[in-house]
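The block underneath contains the structure these notes are about, expressed in C-alpha coordinates.
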Amino acid sequence: MSTRIAFLKGHGTENDFVIVPDPENAVDLPPAAVAALCDRRAGLGGDGLLHVVRSAAHPEARDMAAEAEWFMDYRNGDGSVAEMCGNGVRVFARYLQRAGHATEGDLAVATRGGVKRVHIAKGAGDGASAAGDITVGMGRALLPEGDVEVGVGEHSWPARNVNMGNPHAVAFVADLDHAGDLYTPPSHAPAGAYPDGVNVEFVVDRGPGHVAMRVHERGSGETRSCGTGACAVAVAAIRRDGADPAVTGAPATYTVDVPGGTLVITERPDGEIEMTGPAVIVAEGEFDSAWLEGVRA
(Lines give C-alpha, C1' and ligand atoms only; values in the text may rest on other atoms or scores of the structure.)
Protein backbone atom coordinates (compact mmCIF):
# COMPACT_ATOMS: atom_id res chain seq x y z
CA MET A 1 0.00 0.00 0.00
CA SER A 2 1.51 3.33 -1.04
CA THR A 3 1.81 6.35 1.23
CA ARG A 4 2.39 10.02 0.61
CA ILE A 5 5.85 11.36 1.39
CA ALA A 6 6.31 15.07 2.05
CA PHE A 7 9.01 17.05 0.28
CA LEU A 8 10.08 20.66 -0.21
CA LYS A 9 12.31 22.46 -2.70
CA GLY A 10 14.79 25.11 -1.70
CA HIS A 11 17.93 26.81 -2.91
CA GLY A 12 20.93 28.76 -1.67
CA THR A 13 22.31 31.07 -4.39
CA GLU A 14 20.50 28.79 -6.87
CA ASN A 15 22.21 25.62 -5.65
CA ASP A 16 18.92 23.72 -5.34
CA PHE A 17 17.83 20.79 -3.24
CA VAL A 18 15.01 18.34 -2.72
CA ILE A 19 14.22 18.31 1.02
CA VAL A 20 12.75 15.16 2.58
CA PRO A 21 11.68 15.66 6.21
CA ASP A 22 12.05 12.32 7.99
CA PRO A 23 12.62 12.87 11.73
CA GLU A 24 12.68 9.18 12.68
CA ASN A 25 14.75 8.01 9.67
CA ALA A 26 11.88 5.89 8.36
CA VAL A 27 12.15 6.67 4.63
CA ASP A 28 14.47 4.36 2.69
CA LEU A 29 16.51 6.47 0.26
CA PRO A 30 19.00 4.28 -1.64
CA PRO A 31 21.20 5.97 -4.28
CA ALA A 32 18.84 5.12 -7.16
CA ALA A 33 15.90 6.73 -5.38
CA VAL A 34 17.88 9.89 -4.61
CA ALA A 35 19.05 10.14 -8.22
CA ALA A 36 15.46 9.71 -9.43
CA LEU A 37 14.16 12.41 -7.09
CA CYS A 38 16.91 14.80 -8.22
CA ASP A 39 16.32 14.11 -11.92
CA ARG A 40 15.20 17.37 -13.54
CA ARG A 41 13.01 15.71 -16.16
CA ALA A 42 11.62 12.56 -14.59
CA GLY A 43 11.80 13.58 -10.93
CA LEU A 44 11.53 16.64 -8.72
CA GLY A 45 14.88 18.13 -9.75
CA GLY A 46 17.81 19.24 -7.65
CA ASP A 47 21.58 19.42 -7.36
CA GLY A 48 21.26 17.28 -4.26
CA LEU A 49 18.94 15.98 -1.56
CA LEU A 50 18.64 17.06 2.08
CA HIS A 51 17.34 14.18 4.20
CA VAL A 52 16.20 15.79 7.47
CA VAL A 53 16.66 13.33 10.34
CA ARG A 54 16.94 13.67 14.10
CA SER A 55 20.54 12.91 15.01
CA ALA A 56 19.49 10.35 17.60
CA ALA A 57 17.65 8.37 14.89
CA HIS A 58 20.57 8.07 12.47
CA PRO A 59 23.51 5.69 13.06
CA GLU A 60 26.01 8.14 11.56
CA ALA A 61 24.89 11.00 13.81
CA ARG A 62 23.98 9.49 17.17
CA ASP A 63 27.28 10.56 18.74
CA MET A 64 26.47 14.18 17.77
CA ALA A 65 22.91 14.16 19.18
CA ALA A 66 23.92 15.85 22.43
CA GLU A 67 25.24 18.85 20.44
CA ALA A 68 22.81 18.97 17.53
CA GLU A 69 19.24 17.70 17.45
CA TRP A 70 19.10 17.53 13.64
CA PHE A 71 21.31 15.68 11.14
CA MET A 72 21.74 16.78 7.53
CA ASP A 73 21.97 13.45 5.71
CA TYR A 74 23.20 14.99 2.47
CA ARG A 75 23.30 13.21 -0.91
CA ASN A 76 24.65 14.38 -4.26
CA GLY A 77 22.35 14.48 -7.26
CA ASP A 78 23.62 11.09 -8.46
CA GLY A 79 22.69 9.50 -5.12
CA SER A 80 26.21 9.32 -3.70
CA VAL A 81 26.86 10.39 -0.12
CA ALA A 82 28.81 13.61 0.54
CA GLU A 83 30.50 14.83 3.70
CA MET A 84 29.22 18.42 3.61
CA CYS A 85 27.39 20.99 1.53
CA GLY A 86 27.65 24.61 2.60
CA ASN A 87 24.66 25.89 0.64
CA GLY A 88 22.78 22.80 1.78
CA VAL A 89 23.34 23.65 5.45
CA ARG A 90 21.79 27.08 4.95
CA VAL A 91 18.76 25.63 3.18
CA PHE A 92 18.53 22.91 5.84
CA ALA A 93 18.47 25.61 8.54
CA ARG A 94 15.84 27.57 6.63
CA TYR A 95 13.66 24.44 6.49
CA LEU A 96 14.05 23.92 10.26
CA GLN A 97 13.01 27.54 10.79
CA ARG A 98 10.00 27.16 8.49
CA ALA A 99 8.93 23.93 10.23
CA GLY A 100 9.15 25.51 13.68
CA HIS A 101 12.18 23.47 14.77
CA ALA A 102 14.43 26.56 14.91
CA THR A 103 14.10 30.31 15.33
CA GLU A 104 16.19 33.35 14.47
CA GLY A 105 19.52 33.13 16.25
CA ASP A 106 21.97 30.31 16.79
CA LEU A 107 21.51 26.68 15.77
CA ALA A 108 23.69 23.55 15.62
CA VAL A 109 23.41 21.14 12.67
CA ALA A 110 25.05 17.71 12.57
CA THR A 111 26.72 16.73 9.29
CA ARG A 112 29.15 14.05 8.15
CA GLY A 113 31.74 16.84 8.34
CA GLY A 114 30.99 17.41 12.03
CA VAL A 115 28.63 19.75 13.90
CA LYS A 116 28.19 23.08 12.11
CA ARG A 117 27.24 26.28 13.92
CA VAL A 118 24.57 28.31 12.16
CA HIS A 119 23.16 31.78 12.76
CA ILE A 120 19.82 32.78 11.26
CA ALA A 121 19.66 36.55 10.95
CA LYS A 122 16.48 38.48 11.64
CA GLY A 123 14.43 38.99 8.50
CA ALA A 124 13.49 42.35 7.03
CA GLY A 125 9.77 41.60 6.94
CA ASP A 126 7.19 39.15 5.66
CA GLY A 127 7.83 36.65 2.85
CA ALA A 128 10.66 34.34 1.86
CA SER A 129 12.47 37.09 -0.05
CA ALA A 130 12.70 39.17 3.13
CA ALA A 131 14.17 36.36 5.22
CA GLY A 132 17.50 37.16 6.84
CA ASP A 133 20.76 35.73 5.51
CA ILE A 134 22.16 32.64 7.19
CA THR A 135 25.74 32.36 8.42
CA VAL A 136 27.35 28.95 8.73
CA GLY A 137 30.50 28.17 10.70
CA MET A 138 32.32 26.00 8.18
CA GLY A 139 35.22 24.93 10.38
CA ARG A 140 38.86 25.17 9.39
CA ALA A 141 40.36 24.48 6.00
CA LEU A 142 42.99 21.81 5.61
CA LEU A 143 45.70 22.50 3.03
CA PRO A 144 47.26 19.17 2.05
CA GLU A 145 50.87 19.29 0.91
CA GLY A 146 51.84 18.60 -2.69
CA ASP A 147 51.21 20.20 -6.05
CA VAL A 148 48.01 19.39 -7.94
CA GLU A 149 46.89 20.26 -11.44
CA VAL A 150 43.51 20.35 -13.15
CA GLY A 151 42.74 20.22 -16.84
CA VAL A 152 40.00 20.84 -19.38
CA GLY A 153 40.66 19.53 -22.87
CA GLU A 154 44.21 20.38 -23.84
CA HIS A 155 44.58 23.09 -21.20
CA SER A 156 45.81 22.63 -17.64
CA TRP A 157 46.40 24.87 -14.63
CA PRO A 158 48.11 24.54 -11.25
CA ALA A 159 45.55 24.27 -8.47
CA ARG A 160 45.43 24.70 -4.71
CA ASN A 161 44.41 21.61 -2.76
CA VAL A 162 41.88 22.70 -0.10
CA ASN A 163 39.80 20.40 2.08
CA MET A 164 36.65 21.84 3.65
CA GLY A 165 35.41 18.50 4.99
CA ASN A 166 35.22 17.57 1.32
CA PRO A 167 38.01 17.89 -1.28
CA HIS A 168 38.53 20.87 -3.61
CA ALA A 169 41.01 21.87 -6.29
CA VAL A 170 41.06 25.65 -6.86
CA ALA A 171 42.52 26.99 -10.11
CA PHE A 172 42.94 30.69 -10.92
CA VAL A 173 42.32 31.32 -14.62
CA ALA A 174 42.20 34.31 -16.98
CA ASP A 175 38.61 33.69 -18.11
CA LEU A 176 35.82 31.57 -16.64
CA ASP A 177 34.99 30.29 -20.12
CA HIS A 178 38.25 28.34 -19.98
CA ALA A 179 36.48 25.89 -17.67
CA GLY A 180 34.46 24.55 -20.61
CA ASP A 181 30.98 23.16 -20.05
CA LEU A 182 31.88 21.43 -16.75
CA TYR A 183 29.44 18.61 -17.42
CA THR A 184 32.42 16.29 -17.70
CA PRO A 185 34.66 16.23 -14.61
CA PRO A 186 37.89 18.16 -15.22
CA SER A 187 40.97 15.98 -15.12
CA HIS A 188 43.28 16.16 -12.13
CA ALA A 189 46.79 15.04 -11.31
CA PRO A 190 48.32 13.30 -9.54
CA ALA A 191 45.60 10.65 -9.57
CA GLY A 192 46.22 9.76 -5.90
CA ALA A 193 45.54 13.29 -4.67
CA TYR A 194 41.78 12.74 -4.70
CA PRO A 195 40.94 9.05 -4.36
CA ASP A 196 37.23 9.78 -3.87
CA GLY A 197 36.93 12.43 -6.56
CA VAL A 198 37.14 16.21 -6.24
CA ASN A 199 35.16 19.40 -6.62
CA VAL A 200 36.99 21.71 -9.04
CA GLU A 201 36.68 25.51 -8.89
CA PHE A 202 37.81 27.90 -11.64
CA VAL A 203 38.35 31.44 -10.37
CA VAL A 204 38.90 34.94 -11.78
CA ASP A 205 39.53 38.22 -9.97
CA ARG A 206 36.85 40.92 -9.89
CA GLY A 207 38.66 43.40 -7.62
CA PRO A 208 40.35 43.62 -4.21
CA GLY A 209 38.83 40.95 -1.98
CA HIS A 210 36.40 40.03 -4.73
CA VAL A 211 36.48 36.96 -6.99
CA ALA A 212 34.09 35.00 -9.21
CA MET A 213 33.98 31.25 -9.71
CA ARG A 214 32.48 28.34 -11.61
CA VAL A 215 32.47 24.85 -10.14
CA HIS A 216 32.18 21.22 -11.11
CA GLU A 217 30.75 19.38 -8.10
CA ARG A 218 31.56 15.69 -8.03
CA GLY A 219 28.40 13.70 -8.51
CA SER A 220 26.43 16.72 -9.75
CA GLY A 221 28.31 18.40 -12.62
CA GLU A 222 28.33 22.18 -12.86
CA THR A 223 26.10 23.79 -10.26
CA ARG A 224 24.98 27.38 -9.82
CA SER A 225 26.77 27.60 -6.50
CA CYS A 226 28.85 25.56 -4.05
CA GLY A 227 29.23 26.74 -0.46
CA THR A 228 32.24 24.66 0.51
CA GLY A 229 33.71 25.55 -2.88
CA ALA A 230 33.30 29.27 -2.21
CA CYS A 231 35.08 28.78 1.12
CA ALA A 232 37.90 26.85 -0.58
CA VAL A 233 38.20 29.61 -3.19
CA ALA A 234 38.39 32.31 -0.50
CA VAL A 235 41.06 30.36 1.41
CA ALA A 236 43.11 29.90 -1.77
CA ALA A 237 42.77 33.59 -2.67
CA ILE A 238 43.69 34.70 0.85
CA ARG A 239 46.87 32.59 0.71
CA ARG A 240 47.70 33.78 -2.80
CA ASP A 241 47.27 37.40 -1.74
CA GLY A 242 49.43 37.05 1.38
CA ALA A 243 46.54 37.78 3.74
CA ASP A 244 46.59 34.61 5.87
CA PRO A 245 44.80 35.68 9.09
CA ALA A 246 47.02 33.37 11.17
CA VAL A 247 49.97 35.49 10.02
CA THR A 248 48.41 38.96 9.89
CA GLY A 249 46.30 38.57 13.03
CA ALA A 250 43.30 40.12 11.26
CA PRO A 251 40.23 38.45 9.72
CA ALA A 252 40.12 38.30 5.94
CA THR A 253 36.79 38.66 4.12
CA TYR A 254 36.25 37.89 0.44
CA THR A 255 33.16 38.32 -1.69
CA VAL A 256 32.67 35.32 -3.96
CA ASP A 257 30.37 35.63 -6.96
CA VAL A 258 28.83 32.38 -8.15
CA PRO A 259 26.48 31.99 -11.15
CA GLY A 260 23.51 31.93 -8.76
CA GLY A 261 24.39 34.92 -6.58
CA THR A 262 26.94 36.10 -4.05
CA LEU A 263 28.44 34.62 -0.90
CA VAL A 264 30.58 36.38 1.70
CA ILE A 265 33.39 34.33 3.25
CA THR A 266 35.43 35.33 6.31
CA GLU A 267 38.47 33.49 7.66
CA ARG A 268 39.44 34.39 11.22
CA PRO A 269 42.90 34.33 12.84
CA ASP A 270 42.06 31.06 14.63
CA GLY A 271 41.35 29.47 11.23
CA GLU A 272 37.56 29.34 11.59
CA ILE A 273 35.69 30.13 8.40
CA GLU A 274 32.21 31.66 8.18
CA MET A 275 29.99 31.74 5.11
CA THR A 276 27.02 34.11 4.80
CA GLY A 277 24.35 34.03 2.14
CA PRO A 278 20.64 33.61 1.36
CA ALA A 279 18.48 30.49 1.60
CA VAL A 280 14.95 30.21 0.23
CA ILE A 281 12.22 27.56 0.37
CA VAL A 282 10.31 27.79 -2.91
CA ALA A 283 7.79 24.93 -2.90
CA GLU A 284 6.40 21.97 -0.98
CA GLY A 285 4.26 18.99 -1.80
CA GLU A 286 4.01 15.20 -1.68
CA PHE A 287 5.05 12.27 -3.83
CA ASP A 288 3.78 8.70 -3.84
CA SER A 289 5.96 6.08 -2.14
CA ALA A 290 4.91 3.64 -4.88
CA TRP A 291 6.94 5.70 -7.31
CA LEU A 292 10.05 5.18 -5.17
CA GLU A 293 9.32 1.48 -4.93
CA GLY A 294 9.31 1.34 -8.72
CA VAL A 295 12.69 3.06 -8.80
CA ARG A 296 14.16 0.61 -6.29
CA ALA A 297 12.88 -2.30 -8.38
Side-chain angles (χ1 to χ4, degrees), residues 11-17 38 40 45-50 74-78 80 82-91 113 136 138 141-143 148-153 155-189 193-194 196-206 210-240 254-265 273 275-279:
H11 75 90
T13 50
E14 298 183 9
N15 193 188
D16 63 333
F17 308 94
C38 292
R40 296 193 180 279
D47 292 322
L49 183 142
L50 305 174
Y74 179 68
R75 320 291 183 86
N76 293 314
D78 65 354
S80 59
E83 301 91 340
M84 241 296 283
C85 176
N87 288 320
V89 173
R90 296 202 320 279
V91 174
V136 180
M138 300 291 286
L142 299 177
L143 301 170
V148 295
E149 187 176 88
V150 299
V152 175
H155 302 284
S156 62
W157 301 266
R160 186 75 191 239
N161 190 349
V162 183
N163 193 293
M164 287 299 308
N166 56 359
H168 296 268
V170 180
F172 291 91
V173 297
D175 191 314
L176 290 179
D177 287 342
H178 293 168
D181 62 26
L182 289 184
Y183 294 124
T184 303
S187 63
H188 66 270
Y194 302 106
D196 299 317
V198 62
N199 305 286
V200 182
E201 287 80 26
F202 295 88
V203 188
V204 296
D205 288 297
R206 292 286 189 241
H210 188 180
V211 296
M213 62 174 266
R214 289 176 61 199
V215 58
H216 173 93
E217 288 196 65
R218 56 176 181 166
S220 297
E222 181 171 17
T223 59
R224 300 283 293 170
S225 179
C226 174
T228 56
C231 292
V233 163
V235 167
I238 288 166
R239 300 305 184 278
R240 181 201 61 175
Y254 272 63
T255 298
V256 181
D257 294 337
V258 296
T262 297
L263 296 166
V264 177
I265 312 298
I273 297 168
M275 174 185 64
T276 300

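Sequence positions, counted from 1, serve as the residue numbers for this chain.
Panel note: side chain Arg90, backbone Pro278; a donor-acceptor pair is recorded below 3.5 Å. Of the possible donor and acceptor atoms, one in the side chain of Arg218 sits under 3.5 Å from a partner among the backbone N and O of Asp196. Judged by distance alone, the side chain of His216 and the main-chain N or O of Leu182 form a donor-acceptor pair under 3.5 Å. Panel note: side chain Arg160, backbone Ala232; no donor-acceptor pair is recorded below 3.5 Å.
The SG atom of Cys85 sits 6.0 Å away from the CD atom of Glu217 when rounded to the nearest 0.5 Å. Atoms CG and OG, from Asn199 and Ser220 in turn, are 8.5 Å apart once rounded to the nearest 0.5 Å.
Looking at Thr223 and Asp47, their side chains never bring a donor and an acceptor atom within 3.5 Å of each other. If you check the side chains of Asn87 and His11, you find no donor sitting under 3.5 Å from an acceptor.
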Let's go through Leu143 and Val235 carefully: what are the C-alpha distance in whole Å and the side-chain angles of both, what is the deciding distance for side-chain contact (heavy atoms from CB on, under 4.5 Å) to 0.1 Å, and is it a yes or a no? CA-CA 9 Å; Leu143 301 170; Val235 167; 3.9 Å; yes

Start with the C-alpha gap between Arg240 and Asp205, add the side-chain angles, then the distance that decides, and say whether side-chain contact (heavy atoms from CB on, under 4.5 Å) holds. CA-CA 12 Å; Arg240 181 201 61 175; Asp205 288 297; 2.7 Å; yes

Val204 vs Val173, test: side-chain contact (heavy atoms from CB on, under 4.5 Å). Steps then yes/no. CA-CA 6 Å; Val204 296; Val173 297; 3.9 Å; yes

Yes or no on side-chain contact (heavy atoms from CB on, under 4.5 Å) for Arg206 and Asp257, after CA distance, side-chain angles and deciding distance? CA-CA 9 Å; Arg206 292 286 189 241; Asp257 294 337; 4.2 Å; yes

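Side-chain contact between Arg40 and Asp16: present, with at least one pair of heavy atoms (C-beta onward) separated by less than 4.5 Å. Contact check for Asp181 versus Glu222: no side-chain heavy atoms found under the 4.5 Å cut-off. A heavy-atom distance below 4.5 Å is found between the side chains of Met213 and Val258.
The nearest pair of heavy atoms linking Glu14 to Pro259 is OE1-O, 4.4 Å. The two residues Ala230 and Leu263 have their closest heavy-atom pair at CB-CD1, 3.8 Å. In plain terms, the two heavy atoms of Val215 and Ser225 that are nearest each other are CG1-C, 4.5 Å. Minimum interatomic distance between Gly197 and Pro167 (heavy atoms only, all atoms of both residues): O-CG, 3.3 Å. Heavy-atom minimum distance, Leu49 versus Tyr74: O-CD1, 3.3 Å. The heavy-atom pair separating Cys231 from Ile273 by the smallest distance is SG-CG2, 3.9 Å.
Applying the ring-ring contact (aromatic ring centres under 6.0 Å, His included) definition to pairs two or more places apart or across chains, those involving residues 157-187 are Trp157-Phe202.
The 12-atom threshold is not exceeded at NE2 of His155, counting heavy atoms of other residues, nucleotides or ligands nearer than 6.0 Å.
The side-chain hydrogen bond (donor to acceptor under 3.5 Å, both in side chains) test applied to Ser156 returns no partner, not counting sequence neighbours.
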